[in-house]
Amino acid sequence: SSDGYVDQFGGADGKKFLITRFRKLLYSLHCLSTQEQHEFLVSTLAMWKRDNNQTDDILILGIRI
């Protein structure tokens, strides 16, 4: 993934999402279908950033084995 998701400002304190939170999020999604993962990542980002503008481009690539 690119750094766009982890660098997004938001949350209750207007801070960055950060890599630790992003890793926990990815680990929690592993049992979902790829479509469900996509929807969850999009909705989580929207809830996180609230009214903040997106600060960077975001790329997440997943591979199902």
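Just the heavy atoms: all of them, side chains too, but no hydrogens, waters or symmetry mates, feed the values below.
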(request) Any chance you could measure H38, atom NE2, to S33, atom OG, to the nearest 0.5 Å? (result) 11.5 Å
(request) Nearest 0.5 Å please: distance from the OG1 atom of T34 over to the CD atom of E39. (result) 9.5 Å
(request) Output the distance between atom CG (L61) and atom OG (S1), rounded to the nearest 0.5 Å. (result) 9.5 Å
(message) Please check this pair: side chain of Q8 against backbone of T55, looking for a donor-acceptor N/O pair closer than 3.5 Å.
(response) yes
(request) List, by chain and number, the other hydrophobic cluster members for I60, where Ile, Leu, Val, Met, Phe, Trp and Tyr join if side-chain heavy atoms come within less than 4.5 Å, directly or indirectly. (result) Y5, V6, F17, I19, F22, L25, L26, L29, L32, F40, L41, L45, W48, I58
(request) Provide the full list of salt bridge (Lys or Arg N to Asp or Glu O under 4.0 Å) pairs with a residue in residues 7-35, sequence neighbours left out, each pair given once. (result) D7-K16
(request) Of all the heavy-atom pairs spanning S2 and D57, show the shortest one and how long it is. (result) OG-O, 3.5 Å
